[in-house]
Each structure stands twice: as structure tokens, then as C-alpha cells.
Amino acid sequence: MIKKYLLILSVFIVTACAQNNTTSIQSQHAVAMPDSFSADAAMAVLEEGGNAVDAAIAAQFVLAVTLPEAGNVGGGGFMTIAFNNENIFLDYREMAPANAHRDMYLDSQGNVKPYESLFGAKASGIPGTVAGMWAAHQKYGSLPWARLLAPAVSLAEEGFIVPNKLAANIANYVKKIEEQKLHSNFVDYFAHAKAGKLFVQPELAQTLKAIQTQGSDGFYKGKVADKIVRFMQQNGGLISHEDLQAYHAVWRDPLAFTWNDYTLITAPPPSSGGVAVAQWIGMLDAYSDKHTPVQHNSTQYIHVMSEIGKRVFADRAEYMGDPDFIDVPVAALTEPSYIKKRAHEIQESTISPTPNIVPGLPESEDTTHFSIMDKWGNAVANTTTINLTFGSGVVVTGAGFLLNDEMDDFSAKPGVPNFFGAVGGEANAIEPYKRMLSSMTPTLVKKGDDVVLVTGSPGGTTIISSVAQSLLNALLFDMSAEEAVNAPRFHHQLLPKDTIRMHPGFADASVSELQDMGYTIDDRRFGDVHLIKRTEEGVDAASEKSGRGKSIVRPN
Ligand code: GLY
């Protein structure tokens with residue numbers, strides 16, 4: 001049963017410090033991670049007395065070694081943190097280089113050049129990950145920085161046994177590079193990584209050691225910076241020494257709204273995700289006020305949620321971008337009367353014509369996510385990305401890490417879809433030092449002062465559906481962590497017209513009914529949710545079965 005909601009946007013006052021919370025002691029701590037290496041490293045930090053942020057920093061660097069499809073030092077991300085009863089958001093999203101300009105991916109006819117924003121050095125924004133982790137450590141770290149880098153350094157230097165899924169992803173990518181005759185050094189760095197065999201990355205180990213000993217200066221200045229800039233100059237990229245030194249992570253107020261008995265703490269712009277989740281959950285509630293409540297994953301639920309998705313993505317395309325460059329009307333987009341008005345347009349069994357869904361006021365997808373809760377109840381939801389699987393597909397020569405292709409998350413030309421089929425407008429046009437719009441939505445849910453849910457997912461624009469549905473699964477439909485991450489999900493984003501992307505596992509009857517209503521079904525899976533749920537019975541954590549994730553709860 002869907003309860004009445006009250007949507008109140010509020011800004012939390014943040015005065016966090018690095019001491020652990022001693023007021024709400026809990027003994028259990030948990031990690032839900034995209035692979036076993038990051039899970040073991042993060043849990044070791046927690047067991048050693050480190051806090052959730054310490055564990056997140058260790059995990060982030062491990063993923064740069066063991067999950068090169070999305071883990072990174074050459075990308076960026078967002079971290080939502082609840083620490084000592086305070087809530088804060090760390091934006092370490094990439095920025096466009098100073099020489100970037102709005103038409104940089106257009107040909108002389110004004111058409112978008114395929115691939116330029118997706119592949120190669122020119123596709124890369126200024127990486128933010130190292131600055132982000134450094135900022136997180138300065139503010140909240142309790143174990144030494146060098147200790148937190150140690151697992152990543154050792155996995156790069158001494159190697160790790162390549163999991164089957166990583167080997168398969170590398171083999172597919174090598175095949176794509178060869179078939180499409182793409183200019184890349186990816187093969188030199190990754191083609192010898194074979195399932196079940198030791199994979200050593202000596203250049204990456206040197207880069208990580210520079211970061212370990214010099215902090216963020218080890219990446220943005222000195223030898224690593226020289227290698228990045230030389231690589232850019234030799235391969236048509238734009239990032240300069242000045243750009244690397246201009247990069248800064250930003251502490252922002254998270255987006256916070258109440259829903260039933262909970263407070264959701266989630267991603268503000270330059271993520272579109274928090275606003276989108278607020279709209280999605282709010283419109284479902286508002287619709288349910290006027291109609292018979294919809295059952296989980298029924299035809300009706302999928303239709304209503306899809307209708308909501310169309311409205312969410314129409315607003316996303318028009319209004320969302322970097323808040324340091326444009327005014328994003330967050331309050332208006334999440335205002336209860338606006339949400340109600342949009343929800344009440346939805347018809348019970350008729351698809352609304354796509355051209356009628358306009359903005360309502362007067363982004364293979366990769367990325368990776370992890371969730372952590374420490375024994376004091378502090379929590380981190382962290383989503384990090386180099387955009388597509390293996391990012392821009394090119395490795396900084398001598399430094400051993402893949403660069404992002406995040407520039408594709410800008411709108412290269414208003415109205416022309418990016419890789420994820422998302423269209424954008426002026427709000428997300430390219431400008432020097434601007435952050436590109438994201439869908440990453442690392443989310444925490446609190447009941448009173450206690451974090452009761454930590455969730456997030458990769459998947460470009462589908463992230464928003466994965467987060468909203470995993471949250472509804474766990475808290476509205478009262479599923480365990482395991483059930484909440486593995487229940488089949490679906491996604492609708494306005495365009496392509498009347499198309500619902502659906503995981504396998506839905507009832508055949510529902511799929512046929514949706515097709516009879518006029519929907520086209522796209523059966524490609526998406527997302528990889530890692531979720532921690534805390535109830536009075538204890539802490540429960542799960543990683544989606546389709547991935548190579550691992551979750552651990554201690555003591556269990
Ligand atoms: N690159 C995917 C996102 O940031 O949404």
C-alpha cells in the first residue's frame with residue numbers, strides 16, 4: 001500500500017568533522033561492492049577501525065585496478081555521505097577543459113561527428129576522482145591516506161587473478177576495436193588479461209604510488225600530470241597542465257526530501273538523478289492517491305512508472321545542467337503541486353502521445369557503485385564512472401590508466417541524443433570548466449537520525465530507474481536486500497518513443513499486455529545495484545547477482 005507523501009525540499013546544515021559518531025552505536029557494519037577485491041579491501045578498513053569514508057577511499061582506488069570497465073582514477077563521480085548525523089554530497093564530476101567549446105563535436109555542416117565525444121583523448125573531461133578522494137580524506141579520513149592506497153598499489157604491482165566476467169568484457173572490447181579499426185592502445189595494456197591468470201599493471205602501480213606518497217598533487221602535478229598532457233598533445237586531446245591544476249572537487253548540499261516516514265538524501269545537480277527520483281516517487285504517490293494502488297511489477301505498475309519516466313526525462317532534457325553555470329529550478333521541479341499536476345495527467349491504460357510530453361514548468365553503459373555502512377552508523381553511497389565501458393578506450397601512455405569519455409554526457413547539439421539516447425538543451429551545452437550533466441544517483445535513506453538504506457547503480461540514464469525501483473522494493477514493498485536488488489526492473493525515458501527497457505523475469509502475460517497497449521519492449525538488462533538495508537533486526541546487504549559483486553555484513 002502506498003502511503004501519502006509529503007515532499008519537502010530542505011538543505012541540511014553541514015558542520016561535519018572527522019570524529020566518528022558515538023551517539024548511535026551499532027555493532028554491525030557492511031559493504032555492498034561491485035567486485036570481491038573492493039569488498040575485501042573496504043571490509044578490512046572497517047575491521048581495522050576505519051570509518052565508512054576511509055573504506056570508500058580504499059575501495060575507489062582498488063576498483064581503478066580490478067574493475068577497469070568503470071573503476072578509475074581517470075574519471076569522476078559523486079559520493080553521498082551521512083556522518084555524525086550530518087549529510088553531505090561530494091561532487092568530483094569531471095569538468096570540460098578550458099579549450100572546450102559548445103560546437104567542438106560538430107562538423108562543418110553542423111552535424112555531430114560520431115565517436116569524437118565517445119572515443120579517444122578528445123572525449124575526456126578533466127578527471128576528478130583523485131581530487132575527490134583527497135577532499136573526502138581531508139574532511140573525514142581517520143586512517144592514514146597511504147594505508148588506504150595500499151591495497152590498490154599491491155593489486156596493481158603484484159597483480160590479481162582475472163575474474164571471468166572481466167576477461168570476457170576485455171575480449172569483447174578488443175574485438176570491437178579491431179572490427180571498427182579504432183585507434184587505441186587498449187590492446188597493449190589489457191589484451192593479455194586472461195580469465196584465471198595473474199594480471200599485473202606496473203605503470204598503474206607507479207601512478208598509484210605517486211598518489212599514495214604525494215596526495216592529489218601526485219596526480220594533478222608532477223610526472224603523472226606530464227604524462228597526461230603529453231598524451232593529450234600527441235592524440236588530439238585538450239587537457240592542459242592549467243586544466244589539471246584548475247580541477248577542484250566541490251562539497252554540495254545534498255538534495256533531501258521526505259517521503260512517508262523517511263528522509264531521502266540524494267544527488268543534487270550536476271546530477272539529474274536526485275530530482276528525477278524525487279519526481280518519480282512523488283508522482284507514483286500522487287497517482288496512487290487517485291487510483292487503486294498498483295501491485296509490484298504488475299502491468300499497471302510498469303505502465304504508470306513508464307508514464308512518469310516520460311515526464312521526468314522531458315524535464316531533465318530542458319532544465320538540468322551544472323548549477324555553477326545555470327540556474328536549475330530544483331525547487332520548482334520537486335514542488336508537490338507540480339508533481340501532483342503531472343501525475344494527474346497520467347491515464348490508467350492509455351499511453352500519452354510522446355510529442356505531447358514537453359517540459360512541464362512555465363546517458364554498453366557502465367559506471368559502478370558501492371554502498372558502505374560503518375559500525376557507528378555512518379554511511380557512504382558512491383557512484384563513479386569513466387562513462388562507457390572502458391571509458392574513452394585509451395590509456396595514458398606510461399601512467400597505465402584509462403581516460404573517461406564523459407564529454408558525451410554534454411549535449412553536443414541540442415535535441416541530438418547522446419549515447420544513452422538522452423537529449424539535452426542549452427542548459428547542458430559544453431562550456432569551459434563546466435561539469436556535464438549526470439544521472440549518477442548515490443542515495444541514502446534515513447529514518448530519524450539512522451541511515452536505513454544505502455543504494456545506487458551504474459547504467460547511464462537507467463541509473464535513475466534502478467535507484468528509484470530498488471528503493472521502492474526495499475522500503476515500500478518491504479523486500480530484503482537480496483530481493484530488492486534482484487527483482488526485475490524496467491526503464492522508460494521518453495525517447496525512443498513508447499519503448500520500455502525490461503530485465504528478463506517479468507511475467508509473459510505482463511509483457512504481452514504492455515505490447516497490446518502499444519509499447520515496444522527492449523529486453524536488454526541494465527544496472528548493477530549494491531544495497532544495504534538496516535532494520536530493527538539488523539543490517540542486510542546485497543549485490544545484484546548478474547554482476548560480479550560481493551556484499552559482506554560483520555558480525556553476521
Ligand atoms: N556517465 C554516466 C552518468 O554520469 O550519468
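Numbers here simply count residues along the sequence, with the first being 1. Counting starts at 1 for both ligands and their atoms, following the listed order.
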Task: Proximity to ligand 1 by part of Arg93, non-hydrogen separation under 4.0 Å - done: side chain

TODO: Specify side chain, backbone, both or neither for Asp409, according to which of its non-hydrogen atoms lie closer than 4.0 Å to ligand 1.
DONE: side chain

Open item on the list: Looking at Arg252 and Ile88, would you say the former's side chain and the latter's main chain have a donor-acceptor pair under 3.5 Å?
Closed with: no

- [ ] Taking all heavy atoms of Asn297 and all of Tyr301, pick out the closest pair and write down the distance.
- [x] N-CD2, 3.1 Å

- [ ] Indicate the atoms forming the closest heavy-atom contact of Ala56 with Phe370, along with that distance.
- [x] O-CZ, 3.4 Å

- [ ] Compute the minimum heavy-atom distance from Met436 to ligand 1 and say whether it is under 4.0 Å.
- [x] no

TODO: Run through Trp134, Tyr247, Phe401 and flag the one making a ring-ring contact (aromatic ring centres under 6.0 Å, His included) with Phe219.
DONE: Phe401

Open item on the list: Show the atoms of ligand 1 that are less than 4.0 angstrom away from any heavy atom in Met440.
Closed with: 4 (O), 5 (O)

